[in-house]
Amino acid sequence: MKKIMADTTIKSISDLQKAIAKLDSGKVNGKKENDADKPDMTIWHWNDSRLQSRQQVMENRDKNYSFWAMYDVASGKHIALQDSSMKDLSILPKHRYALGSDEQAYELDINLNGQNYSDFYIVDLKTGEKKTLFTKFYLPSFGSFPRPSTDGTKLIYGEDGHFFIYDIPTGTTTNITENIPVTFVDVEDDHNVIKPMISPLGWSSDSKYALLRDDWDIWQVPMDGKSEAINLTQNGRSDQIRYQYRFGLDPDEKGIDLSKPIYVRTYGEWDKKSGIALLSPAKKGGLQAGAKSLIWEDANIGSLTKAENAEVYFFNRETFNTPDQMYVTDASLSSPKKITENAPDVDKYAWSAGTRLVDYITDKGDKLQGALFLPANYVEGQKYPTVVYYYEKLSQIRHNWANPGYSGTGWNPNMYTSNGFAVFIPDIVYKLDDPGMSAVWAVLPAVKEAIKTGVIDENNIGIHGHSWGGYQTSFLITQTDMFKAAAAGAPLTNMISMYDLIYWNSGGGNMSIFEASQGRFRGAPWENWEAYERNSPVYHVKNVTTPLLMLHNDKDGAVDFTQGIEYYSALRRLKKPVVLMQYKGENHGLSKLENRKDYSVRMMEFFNHHLKGEPAPDWLEKGIDKLDLEEHLEKRAF
């Protein structure tokens with residue numbers, strides 16, 4: 001009989017039976033016998049290419065990684081096409097070649113500074129031979145990534161501000177954009193990356209052309225590098241209309257058929273109109289220059305689809321105060337008929353009376369816009385309490401419908417316009433090394449210009465933002481007393497301490513976010529200390545005079561909970577008016593309906609008190625003791 005461990009307590013026959021069962025299964029005290037002395041731990045090493053936290057998140061994918069192989073029926077040979085030295089492989093069209101890539105040699109640096117590099121290979125699918133295409137190829141944006149032609153014999157890729165064609169059979173490279181009088185670099189990308197390319201729209205079905213965007217117009221570019229490229233849309237740059245993307249109407253298409261009409265989504269940069277334009281085939285092949293506008297409205301025109309076997313087309317249309325509806329029409333998109341009745345009770349509620357655009361110049365000379373949403377039942381000449389909301393650039397949502405509801409951040413613009421607030425959403429552009437000051441340079445001039453409309457009560461303006469917008473809010477109130485109240489959700493507050501923390505949702509480190517993504521810093525804090533410090537809200541906390549409502553949850557996997565605690569504790573130390581809402585177990589936003597309801601109502605109460613003069617509820621005026629919290633929550637339950 002197996003020996004029972006001395007530390008196993010036996011008080012009854014039942015206990016004895018359980019102990020024997022554990023022994024029979026090889027476990028004592030919840031552990032296998034041979035694991036009894038094995039620690040439960042993790043080793044974090046400075047040479048790890050990925051943080052241990054990232055490896056934990058990706059563990060299942062790493063365990064189940066698979067490789068491509070080929071079996072040649074004629075010769076009866078099995079050929080491995082990749083191994084652990086080339087982790088990714090894409091079979092190109094027509095199955096003659098494959099494109100392999102691997103970033104393992106650069107993975108540590110990628111995770112440290114966010115600058116992306118990769119090795120690329122061409123694999124011959126007849127022989128399995130691997131040929132190096134690029135070594136340490138720089139990928140500042142997805143637009144630079146090599147993409148195969150429709151026939152699988154060429155690749156288009158972006159490098160140093162130009163697009164090139166690599167011909168796989170001959171091994172030759174051609175610059176196809178050097179003679180085009182525009183740039184295909186995304187010059188409006190303000191992150192710390194070098195010459196990010198705008199992603200191509202695609203290849204023609206005959207592989208003779210690529211369609212490229214220059215941020216305004218669409219170009220038909222021949223692959224030989226000699227024939228002239230054609231500006232298909234013509235008026236994009238001159239009229240400040242962005243031809244954004246092509247509607248793919250055939251899910252089974254193999255490349256873009258230039259012998260058929262092409263529908264393109266259009267967007268007016270300064271009037272926020274949107275629509276659909278048509279590019280028509282030319283008689284000699286390809287597309288002819290000049291786009292014909294079919295729809296152009298003060299609305300958000302969405303997806304375009306086509307019936308499989310009929311010339312019947314469907315598109316979506318919405319505005320800020322009219323819900324998204326679907327329309328049916330013919331190929332001309334004329335005389336569309338509304339066929340849905342979404343939100344049938346919409347007329348029973350109070351909606352924004354309309355929107356206005358506010359043009360302004362930032363303190364650094366950038367021309368920007370903000371979208372001003374009027375309150376319901378707006379009266380001309382009357383001023384209204386206003387909440388300013390932002391997240392980088394959002395003025396393009398002027399015509400977007402927001403279904404009223406309890407969001408994971410507490411914010412819903414229609415909830416505020418329906419309750420007598422104006423809502424102002426200004427754009428922000430960023431300067432390297434100054435993400436916080438960039439908000440100051442953009443938002444304050446925007447609000448001052450919006451006040452001139454006569455809609456905003458300059459004495460009752462609040463601000464709100466979440467995550468990156470929460471950071472902007474936390475920083476702005478250290479630089480100005482323009483705002484009477486502020487609400488910041490999940491804010492970054494100390495750029496120095498935040499740099500070295502972990503983005504737990506992905507398991508990766510924050511340093512790459514700070515150096516190549518949203519942080520927009522050049523280098524680490526020890527290389528750029530003054531910039532990190534001057535843009536950290538917590539180091540300017542003594543300047544805050546604005547009452548602040550914060551939302552930060554203890555299981556936030558994007559912005560560590562300690563960031564909220566740092567700012568709250570500093571404000572509390574200085575006896576500044578701050579209330580921190582923490583919902584236990586919640587992540588970066590609120591997921592449980594009861595929590596979303598609770599915070600949405602509390603944030604509205606907060607702004608009602610400070611901007612409308614309504615009495616402060618008890619939780620806001622004096623707080624709620626732990627012993628009284630259960631009763632408080634029961635009284636407020638919805």
Side-chain angles (χ1 to χ4, degrees), residues 49-50 55 58-107 110 116-139 142-159 163-176 199-211 221-225 248 250-259 285:
S49 59
R50 290 180 293 166
Q55 293 181 48
M58 302 299 292
E59 184 176 6
N60 286 335
R61 195 200 73 165
D62 291 340
K63 283 180 179 178
N64 298 311
Y65 212 91
S66 59
F67 297 107
W68 280 96
M70 178 178 66
Y71 181 76
D72 189 313
V73 177
S75 64
K77 291 183 178 180
H78 176 276
I79 301 173
L81 298 178
Q82 66 180 132
D83 55 30
S84 59
S85 67
M86 185 175 67
K87 295 292 290 290
D88 295 296
L89 189 75
S90 299
I91 306 300
L92 303 189
K94 307 297 184 183
H95 295 184
R96 179 63 181 84
Y97 301 100
L99 176 68
S101 64
D102 194 274
E103 62 178 26
Q104 291 178 93
Y106 321 108
E107 193 169 15
I110 290 170
N116 290 303
Y117 296 90
S118 186
D119 295 329
F120 285 92
Y121 306 90
I122 296 295
V123 179
D124 189 319
L125 295 182
K126 285 188 176 181
T127 64
E129 178 186 358
K130 181 175 75 172
K131 174 184 176 182
T132 299
L133 176 60
F134 302 121
T135 300
K136 200 177 182 181
F137 186 77
Y138 181 48
L139 293 163
F142 188 64
S144 295
F145 200 93
R147 292 170 170 80
S149 59
T150 312
D151 63 9
T153 65
K154 303 178 185 68
L155 296 169
I156 185 171
Y157 63 92
E159 185 176 29
F163 280 110
F164 295 82
I165 297 298
Y166 178 77
D167 186 276
I168 299 175
T170 64
T172 57
T173 300
T174 304
N175 186 328
I176 61 170
S199 294
L201 293 184
W203 286 83
S204 63
S205 54
D206 59 9
S207 298
K208 293 181 179 179
Y209 302 95
L211 297 189
V221 183
M223 295 299 96
D224 57 15
D250 180 2
D252 299 319
E253 69 177 10
K254 307 297 182 184
I256 304 171
D257 189 345
L258 303 186
S259 67

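Values reported hereafter were calculated over all heavy atoms of this structure, with side chains retained and with hydrogens, waters and symmetry mates removed.
- Residues Leu99 and Ile122 are in side-chain contact: their nearest non-hydrogen atoms beyond the backbone lie under 4.5 Å apart.
- Taking 4.5 Å as the limit, every side-chain heavy atom of Ser66 sits out of range of all side-chain heavy atoms of Asn64.
- Taking the side chain as every heavy atom from C-beta outward, Arg96 and Lys126 approach each other to under 4.5 Å.
- At least one side-chain heavy atom of Arg147 sits under 4.5 Å from a side-chain heavy atom of Pro200.
- Of all heavy-atom pairs between Ser118 and Asp102, the closest is OG-O, 3.2 Å.
- Salt bridge status for Asp62 with Arg50: present, with a side-chain N to carboxylate O gap under 4.0 Å.
- Between Leu133 and Tyr121, the closest side-chain pair of non-hydrogen atoms is not below 4.5 Å.
- Shown here for Gly143 and Phe163, the closest heavy-atom pair between the two residues is O-CE2, 3.5 Å.
- In this structure, CD1 on Ile91 lies 5.0 Å from CH2 on Trp68, to the nearest 0.5 angstrom.
- For the ring pair (Phe, Tyr, Trp, His ring centres under 6.0 Å) test with Tyr157, the passing option among Tyr166, Phe137, Tyr138, Phe145 is Phe137; the others fail.
- Judged by distance alone, the side chain of Asp119 and the main-chain N or O of Lys136 form a donor-acceptor pair under 3.5 Å.
- Ser204 approaches Leu258 most closely through the heavy-atom pair CB-CD1, 3.7 Å.
- In this structure, the separation between CD1 on Ile79 and OH on Tyr71 is 11.0 Å, given to the nearest 0.5 Å.
- With Gln82 contributing its side chain and Phe67 its backbone, the two residues share no donor-acceptor pair below 3.5 Å.
- The CD1 atom of Ile110 sits 10.5 Å away from the CD atom of Gln104 when rounded to the nearest 0.5 Å.
- Residues Leu125 and Leu81 meet the side-chain proximity criterion, which asks for heavy atoms closer than 4.5 Å.
- In this structure, the side chain of Trp203 engages the main chain of Pro148 through a donor-acceptor pair within 3.5 Å.
- Between the side chain of Ser207 and the main chain of Asp151, a donor-acceptor pair closer than 3.5 Å is present.
- Other residues, nucleotides and ligands place more than 12 heavy atoms under 6.0 Å from the NZ atom of Lys130.
- Within the 4.5 Å cutoff, the side chain of Thr174 has no heavy atoms near those of the Met223 side chain.
- Put simply, the side chain of Tyr65 never gets that close to the backbone of Ser84: no donor and acceptor are under 3.5 Å apart.
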